[in-house]
Amino acid sequence: MERNLFENARDAVSRFTQNRDGGRKANEEDMQAAKQAIQSAYSQCSQQEKQQLQQLEQQLEKHHQSLR
């Protein structure tokens with residue numbers, strides 16, 4: 001079964017906010033990938049998913065600010 005854009009966005013944000021492979025730090029490429037995934041998901045999601053995408057955007061920005 002093909003994954004939908006909403007799931008891809010959620011996973012991209014998760015990859016950015018969590019360390020991978022024993023301590024790999026999130027980088028700018030991970031953040032850009034997450035942003036793109038969120039924007040793509042907006043076009044094909046329900047109203048409830050849009051609210052969740054907004055929360056993901058906030059989570060992404062909050063985490064990005066904490067890295068500075």
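Remember, predicted model here, so these are calculated numbers, not experimental data.
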Measuring from atom [atom1] of [X] to atom [atom2] of [Y], what distance do you get when rounded to the nearest 0.5 angstrom?
| X | Y | atom1 | atom2 | result |
| --- | --- | --- | --- | --- |
| K35 | E61 | NZ | CD | 6.0 Å |
| L60 | M31 | CG | CE | 4.5 Å |
| L56 | F16 | CG | CZ | 13.0 Å |

Side chains of residues 46-54: which donor-acceptor pairs under 3.5 Å do they make with residues two or more places apart or in other chains?
from: S46; atom 1: OG; to: E49; atom 2: N; distance (Å): 3.2
from: E49; atom 1: OE1; to: S46; atom 2: N; distance (Å): 3.0

Show me the donor-acceptor pairs within less than 3.5 Å that the side chains of residues 38-45 make with the rest of the protein, sequence neighbours left out.
from: Q39; atom 1: NE2; to: E57; atom 2: OE2; distance (Å): 3.1
from: S40; atom 1: OG; to: Q36; atom 2: O; distance (Å): 3.1
from: Y42; atom 1: OH; to: E57; atom 2: OE1; distance (Å): 2.8
from: S43; atom 1: OG; to: S40; atom 2: O; distance (Å): 2.8

